[in-house]
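Encoded as structure tokens, the structure appears first; notes follow it.
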Amino acid sequence: MAAPAQAQQASQESLRPDTMAARVAACTACHGEQGRAGADGYYPRLAGKPQEYLYHQLLNFRDDRRQYRPMTHLLTGLPDDYLREIAAYFSAQHVPYPAPTRADVSAATLEAGRTLALNGDPARGLPACAACHGAALGGVLPAIPGLLGLPRDYIGAQIGSWKNGLRRAAEPDCMADISNKLTPHDIGALAAWLSSQPVVEPYAPEAAGSIRLPAECGSQAQR
């Protein structure tokens with residue numbers, strides 16, 4: 001085991017200003033080592049997500065389309081190319097997913113979440129999550145993220161943010177349209193079911209152009 005002085009020296013060397021480790025240290029302080037997720041259920045996994053998705057989220061926080069003051073503060077003034085490098089770093093991290101925690105809800109609630117995620121509700125104009133995020137819910141390149149391996153609280157909070165206008169994307173904002181059709185029970189059921197599903201490896205985004213989206217999404221036109 002390294003002595004305290006040696007450990008401090010190693011830490012200082014690994015966080016030299018010219019290293020990626022130093023650049024992402026503020027990210028991993030909340031999102032966990034290699035971006036594998038924070039411990040409190042609100043800081044999501046960054047590791048392995050599509051690079052373009054991560055890049056767009058960094059832009060959205062920086063440019064005030066997504067509301068979370070600590071993120072906006074960290075990103076204010078950073079140039080696009082700098083954010084692209086951070087997105088590329090986390091996209092390239094591939095670390096194991098933890099086992100899911102089954103949500104403490106009724107079987108009926110889990111079934112309602114499963115139905116919405118895999119089949120949608122055509123009567124209400126709700127496409128399935130799988131229609132955009134892929135049959136395995138692993139995302140689609142270049143910029144649609146996977147939905148498994150995320151904390152229940154985070155999923156619910158993000159759908160709520162779309163619904164309340166705290167999170168926005170380029171128009172037409174398809175996620176805002178979908179979220180506005182979801183009831184509180186829908187949101188709870190989706191968050192419970194998605195967070196309860198195990199991640200089966202290999203878990204990776206599907207190829208670009210492999211699915212036809214059920215709605216036009218402005219964020220997918222950004223490159």
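Since we're looking at a predicted model, the values are computed, not measured. Computed over heavy atoms, backbone and side chain alike; hydrogens, waters and symmetry mates excluded.
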Legend entry - SG proximity flag Cys174/Cys217, limit 2.5 angstrom: yes
Legend entry - ILVMFWY cluster, Met175 and Leu58 together (side-chain gap under 4.5 Å): no
Legend entry - Heavy-atom closest pair, residues Glu216 and Pro172: O-CG, 3.5 Å
Legend entry - Any residue meeting salt bridge (charged side-chain N to carboxylate O under 4.0 Å, His left out) with Arg102, in chain and number order, not counting sequence neighbours: none
Inset, instruction - Could you identify which residues cluster with Ile211, counting Ile, Leu, Val, Met, Phe, Trp and Tyr as linked when any side-chain heavy atoms lie under 4.5 Å apart, either directly or through a chain of such contacts? - result: Val140, Ile144, Leu213
Legend entry - CG on Leu110 to OG on Ser196, rounded to 0.5 Å: 5.5 Å
Inset, instruction - State, yes or no, whether a side-chain contact exists between Glu85 and Val24 at a heavy-atom distance under 4.5 Å. - result: no
Legend entry - Value rounded to 0.5 Å, distance of CD in Gln158 from CG in Leu166: 9.5 Å
Legend entry - Partner set under salt bridge (charged side-chain N to carboxylate O under 4.0 Å, His left out) for Arg168, not counting sequence neighbours: none
Inset, instruction - Would you confirm whether His31, through its side chain, and Pro44, through its main-chain N or O, come within 3.5 Å as a donor-acceptor pair? - result: yes
Legend entry - Donor-acceptor under 3.5 Å (Gln34 side chain, Arg36 main chain): no
Inset, instruction - Give a yes or no on whether Asp104 atom CG has more than 12 heavy-atom contacts from other residues, nucleotides or ligands under 6.0 Å away. - result: no
Legend entry - Under 3.5 Å side-chain donor-acceptor pair for Arg45 and Tyr97: yes
Inset, instruction - Taking all non-hydrogen atoms of both residues into account, name the closest pair between Ala117 and Ala128 and its distance. - result: O-CB, 3.5 Å
Legend entry - Heavy-atom side-chain proximity of Pro50 to Pro142 below 4.5 angstrom: no
Legend entry - Check: Leu116 and Cys129 side chains under 4.5 Å, non-hydrogen atoms: no
Legend entry - Pairs satisfying side-chain hydrogen bond (donor to acceptor under 3.5 Å, both in side chains), at least one member in residues 116-141, at least two apart: Asp121-Arg124, Arg124-Asp186
Legend entry - CZ on Phe61 to CZ on Arg167, rounded to 0.5 Å: 7.0 Å
Legend entry - Of all pairs that satisfy ring-ring contact (aromatic ring centres under 6.0 Å, His included), the ones with a partner from residues 142-190, not counting sequence neighbours: none
Inset, instruction - Mind running side-chain contact (heavy atoms from CB on, under 4.5 Å) on Val95 and Glu33 for me, showing each step along the way? - result: CA-CA 10 Å; Val95 293; Glu33 183 184 358; over 6 Å; no
Inset, instruction - Using modelled atom types only, decide if a donor and an acceptor are shared between the side chain of Glu201 and the backbone of Pro96 within a distance under 3.5 Å. - result: no
Legend entry - With sequence neighbours excluded, residues passing side chain to side chain donor-acceptor pair (under 3.5 Å) with Gln67: Arg69
Inset, instruction - Can you sort out the partners of Ser91 under side chain to side chain donor-acceptor pair (under 3.5 Å), two or more places apart, ordered by chain and number? - result: none
Inset, instruction - Can you measure from CG (Leu148) to CG (Leu194) and round to the nearest 0.5 angstrom? - result: 6.5 Å
Legend entry - Sequence neighbours excluded, every pair satisfying side-chain hydrogen bond (donor to acceptor under 3.5 Å, both in side chains) that has a member inside residues 169-181: none
Inset, instruction - May I ask whether Met71 and Leu150 are part of the same hydrophobic cluster, defined by side-chain heavy atoms of I, L, V, M, F, W, Y residues being less than 4.5 angstrom apart, directly or through others? - result: no
Legend entry - N/O donor-acceptor pair under 3.5 Å between Lys163 side chain and Ala176 backbone: no
Inset, instruction - List in chain and number order the residues that pass ring pair (Phe, Tyr, Trp, His ring centres under 6.0 Å) with Tyr53, two or more places apart in sequence or in another chain; answer none if no residue qualifies. - result: none
Legend entry - Residues clustering with Tyr42 (ILVMFWY side chains joined when closer than 4.5 Å, directly or via others): none
Legend entry - Tyr55-Leu141 co-clustered via ILVMFWY side chain contacts under 4.5 Å: no
Legend entry - Side-chain heavy-atom pair Ile155, Leu147 within 4.5 angstrom cut-off: no
Legend entry - Minimum heavy-atom distance between Gly113 and Leu190, given as atom pair plus value: O-CD2, 3.6 Å
Inset, instruction - Could you tell me whether the side chains of Asn60 and Arg66 share a donor-acceptor contact shorter than 3.5 Å? - result: no
For residues 76-83, which side-chain donor-acceptor pairs fall under 3.5 Å, sequence neighbours excluded?
| unit_1 | atom_1 | unit_2 | atom_2 | d |
| --- | --- | --- | --- | --- |
| Thr76 | OG1 | Thr72 | O | 2.6 |
| Asp80 | OD1 | Arg62 | NH1 | 2.7 |
| Asp80 | OD1 | Arg62 | NH2 | 3.0 |

Legend entry - Trace of the side-chain contact (heavy atoms from CB on, under 4.5 Å) decision for Ile187 with Thr183: CA-CA 6 Å; Ile187 296 171; Thr183 67; over 6 Å; no
Inset, instruction - For Glu111, check salt bridge (charged side-chain N to carboxylate O under 4.0 Å, His left out) against everything at least two apart and list the hits. - result: Arg114
Inset, instruction - Drop me the distance from Thr28's OG1 to Leu46's CG, to the nearest 0.5 angstrom. - result: 9.5 Å
Inset, instruction - Give, for atom CZ of Arg212 and atom SG of Cys132, the distance between the pair rounded to the nearest 0.5 Å. - result: 12.5 Å
Inset, instruction - Could you tell me whether a side-chain N or O of Tyr89 sits under 3.5 Å from a main-chain N or O of Arg23, the two making a donor and an acceptor? - result: no
Inset, instruction - Quick one: closest heavy-atom pair of Arg152 and Ala191, and the distance? - result: O-CB, 3.6 Å
